[in-house]
2 protein chains.
Amino acid sequence: MLRLSGQPTMRASDATAAILKFRKGEIIYAQGDRVTDWYRVVSGTVRTCIIYPDGHRQLTGFYYSGDVFGVDRERHASSAEAVTAVALTVYRADSAATAPRSEADSRSGMLHSALNNAHACISLLGRRTANERVAAFLLATARRMGGRGALTLPMSRIDIADHLGLTIHTVSRTLSEFSRRGLITLDGPQTIEILDSDSLSGLADSHDADQPHPSCFAPRNLATANGA
Amino acid sequence: MLRLSGQPTMRASDATAAILKFRKGEIIYAQGDRVTDWYRVVSGTVRTCIIYPDGHRQLTGFYYSGDVFGVDRERHASSAEAVTAVALTVYRADSAATAPRSEADSRSGMLHSALNNAHACISLLGRRTANERVAAFLLATARRMGGRGALTLPMSRIDIADHLGLTIHTVSRTLSEFSRRGLITLDGPQTIEILDSDSLSGLADSHDADQPHPSCFAPRNLATANGA
DNA sequence: CGACAGGTTGAGTGAGCTCAAGTCGGGTGG
DNA sequence: CCACCCGACTTGAGCTCACTCAACCTGTCG
């Protein structure tokens, strides 16, 4: 997961050597921009977001050190903004395939990583209740940010709300409730410690834990293949 | 999960020549199966779905003629099932890159297509109300299935509900309401005609149409680049 | 004919939204 | 230094919309 090895790789002819820096709140690229580069976070946190015609904002991901974002074709489907001060490495979108130094640097490796991120987002939005979404978000964030001890959430309540499809009020209330129940401690808005991750993951996948969906038992006949 | 696949892939030498057929309801691959092939729909409709530990089912996409699915790495993140009788072409997952016959057949073309699909799913789940989700779903489905005149929805209300994160009751009620308002006609559960797609797209992006999100006006300083 | 699955519709409930205060902390200016 | 402001966050009260529970309809299959 880490791979913050290649800090400034500084080779003369290497297209990926540039390091870009942005201050908190700055826009890295805008929704609809032509895709020229893909990015990897060196330090800091980035968010990608889609703005719908009605002004509603959907955050499609947070990206931490080592994560890749901006992996679109033609035009960026979302905008990318610096949640904190960030440093990025840049990959030319049209040359990322050439001579990858690792699987994670290859064109398809980056695409798979983007796909994984999209699935993570779907998995959050697919959950039903605020408790489920917030619990799942906390666990996922703790996992991705490293994690023993206190967790520093780099993003605001608004960002969390727009990521989970909730309002800031509900996010705030839910976190307070978790704290009251002894699942987490809140030390200021940004600092959270997970005390009982078992209960949290129980909450994340709760919804009465009834029997698995019937479709698990669908027939699975594979004998009807026709050769070409 | 299991993985009693052992598909008789019947091909002499061409990895993509095989055609597979499945009957309605059959499972094409299961969540967690090792990825050996990617697929393209020749005819019929396929759904991909994720089942969470609590039994909750999330459909991540419907795939119609020409669409690609199964584009995962290592293990399938979702299962794929035949909504109707389907015929599929098969691409060896490890050789899809070699000699693509078109952009759409290339490895990265397929990955981008999967990414687009995931974004479409996020865009549906990101909407707030049932009206917005159902309206957006109808428009998207009409667009992808071709379109003039009556639309035949191949999937059940349960499938729609699990795709939109709603219950079948709400889906049914919402469709009835659209019909009552003269936006669509319902001729049996599966046959729908869109009468007023303008009003529908208004509904899909409604939510008071207030001012765009402030983040549209965030600073955009790009001058802090450090060359290599 | 009954059984059953899929769909529709009604009544009541509750989770999360809206509206509205109120708190806290950091910055800025007098 | 304090006064003030402003943005981010928290919390309360009331309401709405989608969920739950339940009844009923329709078409299909044995």
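A, B, ... follow the sequence lines: proteins, then strands. Residue 1 opens every chain. Both backbone and side-chain heavy atoms feed into the values below; hydrogens, waters and symmetry mates do not.
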Full working for ring-ring contact (aromatic ring centres under 6.0 Å, His included) between A:Tyr39 and A:Tyr63
CA-CA 10 Å; A:Tyr39 304 87; A:Tyr63 305 86; over 10 Å; no
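- Computed from coordinates, the B:Ile160 CD1 to C:dG7 P distance equals 8 Å when rounded to whole Å.
- A:Val171 places none of its side-chain heavy atoms less than 4.5 Å from the side chain of A:Thr174.
- In this model, the phosphate group of D:dC9 is not approached by any side-chain N or O of A:Ser172 to a distance below 4.0 Å at OP1 or OP2.
- Closest contact between the side chain of B:Ala130 and the listed nucleotides C:dC17, C:dT8, D:dA18 involves D:dA18.
- Rounded to a whole Å, the CG atom of B:Asp162 is 12 Å from the P atom of C:dG6.
- Ring-plane geometry between A:Phe62 and A:His163 is classed as perpendicular, the angle between the planes exceeding 60 degrees on a 0 to 90 degree scale with a lower cut at 30.
- Side-chain atoms of A:His169 stay outside donor-acceptor range of the base of C:dT18, with no qualifying N/O pair under 3.5 Å.
- Applying the 4.0 Å criterion to OP1 and OP2 of C:dT8, one finds that B:Arg173 has every side-chain N and O outside that range.
- As a whole-Å value, the separation of A:Arg157 CZ from D:dG7 P is 19 Å.
- For C:dT18, the OP1/OP2 oxygens have no side-chain nitrogen or oxygen of A:Thr167 closer than 4.0 Å.
- Between B:Ile168 atom CD1 and D:dC25 atom C1' there is a gap of 14 Å when expressed in whole angstrom units.
- Summarising the geometry of A:Asp198 relative to A:Ser201, their closest heavy-atom pair is O-OG, 3.0 Å, with the distance given to 0.1 Å.
- The phosphate of D:dA8 has neither OP1 nor OP2 within less than 4.0 Å of any side-chain N or O from A:Gln190.
- Contact annotation: B:Thr170 side-chain N/O to D:dA18 OP1/OP2 distance is not under 4.0 Å.
- Separating the CZ atom of A:Arg133 from the P atom of C:dA15 is a distance of 15 Å, rounded to the nearest angstrom.
- Among the protein residues, B:Gly165 comes within range of the sugar-phosphate backbone only, with heavy atoms under 4.0 Å from sugar or phosphate atoms but none that close to a base.
- Between the P atom of C:dT8 and the CG atom of B:Leu153 lies a distance of 11 Å, rounded to the nearest Å.
- The separation between A:Leu175 atom CG and D:dT10 atom P is 7 Å, rounded to whole Å.
- To the nearest 0.5 Å, atoms CG (B:Leu203) and OG (B:Ser197) are separated by 11.5 Å.
- Between the CD1 atom of A:Ile158 and the C1' atom of D:dG7 there is a distance of 9 Å, rounded to whole Å.
- With hydrogens and angles ignored, no donor-acceptor pair under 3.5 angstrom links the side chain of A:Arg128 to the base of C:dG16.
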